[in-house]
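Here, residue 1 is the first one in the sequence, and each next residue gets the next number.
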Amino acid sequence: DIAGVIPPPDVVTDFLADRSPNKRAKAVDTLLDSPRYAENWTAYWDDTLLGHVQKIRQVDRGAFKEWLHSEFDANAPWNKFVYDLISASGQNSSGSYDRKTGLFKGAVDTASSPQTINGATNWVINYNGRPEDLSGTASKIFLGVQIQCAQCHDHKTEKWKQTDFRSFTACFVSTRERPVDPVAARDKTNRDYRVILQDIDRPAARRAPAKAAAKEKQAKLAEYRNAEPTALDGTSFADVGNRRQALATWMTSPDNPWFAPAIVNRLWSHFLGRGFVEPIDDFRKSNPTVMPNLLNALSADFVQNGYDLKHLIRLICASEVYQLSSSPTPKLDPGNTLWAKFRLKPMVPDELVDSLVQATGINPVLEKISGGNIDNIKMQIGRQFQFLFDVDEEFEQKDFEGTIPQALLLLNGGLLNRAVTPIPGTALADAMAMPGSDSEKIEALYLRTLSRKPSAAEIARWTSFLGSRRDVVTDDGASQPSLPAQPRRAGGKRKGAPGRDFDPLARAGARLALAGATPRSQAYEDLFWALLNSSEFIFNH
């Protein structure tokens with residue numbers, strides 16, 4: 001939950017051997033201080049704020065990730081993080097990058113714009129020309145208020161009206177992007193994405209467009225430009241110099257009734273599988289809060305402790321409810337709305353990929369395949385898992401809705417099947433080379449995958465399995481299963497999917513082939529494969 005990956009086996013054994021009463025607190029502090037903390041929450045917020053698909057050419061996702069990482073690495077207070085994001089201005093990028101991968105490709109000449117790069121601007125730029133989407137997202141994520149529901153019409157039963165939405169959106173219509181190199185910006189094939197994000201005093205009306213759709217869009221923008229910029233509580237920003245800065249100040253104020261509860265509710269849901277309010281970004285009277293006093297107490301504590309995210313995480317992880325077993329309690333809180341037991345949570349795609357790589361020790365193989373660019377190949381694998389395993393953390397996870405393509409990817413996909421081959425230097429090869437009995441090797445594989453030791457019954461079952469007579473199974477060269485067919489766009493490209501037969505490990509299969517397989521080695525492969533495909537591995541419980 002904190003680091004986004006399962007623990008390595010030595011950490012598990014040290015924890016199990018530790019008899020000190022505060023070992024959980026020490027483990028939490030160690031994780032919060034580890035590099036994985038910033039990496040995990042960078043990935044979480046990059047996905048939450050920019051999503052999976054990047055459509056805006058000017059967005060430098062690499063620079064945005066760098067900004068996110070620096071914020072979480074420094075444990076920036078949450079109010080400062082949000083203020084800096086909402087009010088971000090300046091140059092978005094120092095160079096060019098590969099739009100498909102989001103990886104930085106190298107700097108371009110910045111002599112014409114020697115500004116300090118502000119990666120946070122890329123979040124605002126992502127909503128280029130769509131202030132209504134930016135305002136709806138900002139309200140939903142940082143305040144837990146779905147004001148975008150009033151974009152088109154007044155809601156009959158809810159508080160927010162169309163005038164409220166227009167006034168809130170008016171806070172974002174003064175933002176403009178100016179290309180650093182106007183000539184390069186006009187070239188659609190150029191990868192110079194440098195722009196300067198700035199706010200102008202008063203948005204000027206643009207020349208009337210010819211196309212009907214563009215006219216309708218400009219008419220909508222005119223409605224927002226003509227509305228009085230106003231916060232959700234009625235605070236007017238009509239006379240301020242910079243509307244976004246004023247809005248950011250209001251949003252992050254200790255007096256704001258939505259700001260602290262929104263992030264507390266989000267983190268409580270992340271760690272415990274369900275928020276005090278569900279969906280986590282839908283605070284309203286007709287969607288009552290579960291245990292409102294507890295949410296209020298945690299929110300007040302969060303503010304009093306300087307909006308410290310690590311403090312809030314320590315508090316949640318130290319709670320008795322977070323330490324509960326996931327074993328059923330049918331007579332007590334059958335719907336588990338009051339957290340009578342821990343809620344099973346499937347790992348999200350990034351966590352699943354990183355945990356598979358951690359458990360199998362396949363990093364050396366990935367390094368060899370990628371020629372040293374391991375981040376690139378892990379990202380390609382992640383795209384495949386993202387497409388099939390995406391879990392929406394904004395909604396309560398009641399049941400794991402497993403699909404046939406998900407099951408096939410794990411059962412037959414290149415990552416898992418290549419990773420459970422005892423290639424020298426990988427986890428299975430190391431376990432099989434250990435001195436000692438099968439029982440000790442089985443225990444080593446359990447610690448690597450399930451973060452626990454096997455029971456006596458499991459030891460007996462697998463020992464018998466390893467000793468059974470069997471034939472060597474040879475690879476007949478069959479192709480890996482394809483992703484499901486997706487609708488085609490013009491030009492033959494498939495929408496949404498990373499492509500059929502997409503499997504970087506399968507493509508490199510010849511380089512990973514291992515000669516000399518034996519019945520015993522293949523039995524160990526099957527054991528390891530079964531553990532990695534188990535529900536116990538895929539779920540956090």
task = Would you sort out whether S34 and R36 count as a side chain to side chain donor-acceptor pair (under 3.5 Å), showing the intermediate values?
result = CA-CA 5 Å; S34 72; R36 281 290 320 187; over 6 Å; no
request  = Check Q358 against P7 and note the closest heavy-atom contact, atom names and distance.
outcome  = NE2-C, 4.2 Å
task = Decide yes or no on ring pair (Phe, Tyr, Trp, His ring centres under 6.0 Å) for W250 and F259, but give the supporting numbers first.
result = CA-CA 10 Å; W250 172 83; F259 182 64; 9.5 Å; no
ask   = Within the side chain of H270, is there an N or O that forms a donor-acceptor pair under 3.5 Å with the backbone of D1?
value = yes
task = Answer yes if the ring centres of W45 and F64 are under 6.0 angstrom apart, and no otherwise.
result = no
query = So do R266 and I141 actually touch side chain to side chain, heavy atoms under 4.5 Å?
reply = yes
query = To the nearest 0.5 Å, what is the distance between CZ (R194) and CG (D60)?
reply = 11.0 Å
request  = Fit a plane to each ring of Y307 and F302, take the angle between them on a 0 to 90° scale, and name the class: parallel (under 30°), tilted (30 to 60°) or perpendicular (over 60°).
outcome  = perpendicular
query = Is there a donor-acceptor contact under 3.5 Å from the side chain of S139 to the main chain of V145?
reply = yes
remark   = Heavy atoms of V290 and T337 approach each other most closely as CG1-O, 3.7 Å
message = So does S253 get a backbone contact from the side chain of N79, meaning a donor-acceptor N/O pair under 3.5 Å?
response = no
message = How about CG on D10, more than 12 heavy atoms from neighbouring residues, nucleotides or ligands closer than 6.0 Å, or not?
response = yes
message = How about CD on E320, more than 12 heavy atoms from neighbouring residues, nucleotides or ligands closer than 6.0 Å, or not?
response = no
query = Is it true that D46 and R61 make a salt bridge, defined as a side-chain N closer than 4.0 Å to a carboxylate O?
reply = yes
key: Matching residue for Y44 among T42, T48, D47 - test: side chain to side chain contact (heavy atoms under 4.5 Å, CB included)   = T48
task = Taking the six-membered ring for Trp and the full ring for Phe, Tyr or His, determine whether the centres of W339 and F276 are under 6.0 Å apart.
result = yes
query = So which heavy atom on D84 is nearest to which on W67, and how close?
reply = CB-CZ2, 4.1 Å
task = Compare every heavy atom of A120 with every heavy atom of L85, then report the nearest pair and how far apart it is.
result = CD1-O, 3.8 Å
query = Parallel under 30°, tilted from 30 to 60°, perpendicular over 60°: which one fits the rings of Y37 and F72?
reply = perpendicular
note = Interatomic distance, CE@M347 vs CZ@F537, rounded to 0.5 Å, equals 4.5 Å
inquiry  = Treating R243 as the side-chain partner and A170 as the backbone partner, does any N or O pair qualify as donor plus acceptor under 3.5 Å?
reply    = yes
query = When rounded to the nearest 0.5 angstrom, what distance separates OG in S534 from CZ in F539?
reply = 10.5 Å
Option from D308, L31, L32 for which side chain to side chain contact (heavy atoms under 4.5 Å, CB included) with I313 holds = L32
Step-by-step side chain to side chain donor-acceptor pair (under 3.5 Å) determination, N122 to N92 = CA-CA 6 Å; N122 288 283; N92 73 316; 3.1 Å; yes
task = Mind listing the closest non-hydrogen atom pair of N265 and I280 along with its distance?
result = ND2-O, 3.1 Å
message = Rounded at 0.5 Å granularity, tell me how far OG in S174 sits from OH in Y224.
response = 15.0 Å
ask   = Could you state the interatomic distance from CZ (F283) to CG (L143), rounded to the nearest 0.5 Å?
value = 10.0 Å
query = With under 30° as parallel and over 60° as perpendicular, where do the rings of F142 and W78 fit, or are they tilted in between?
reply = tilted
note = Nearest heavy-atom approach of F237 to C171 is CD1-SG, 3.7 Å
Spacing of K310 atom NZ and D33 atom CG [to the nearest 0.5 Å] = 5.0 Å
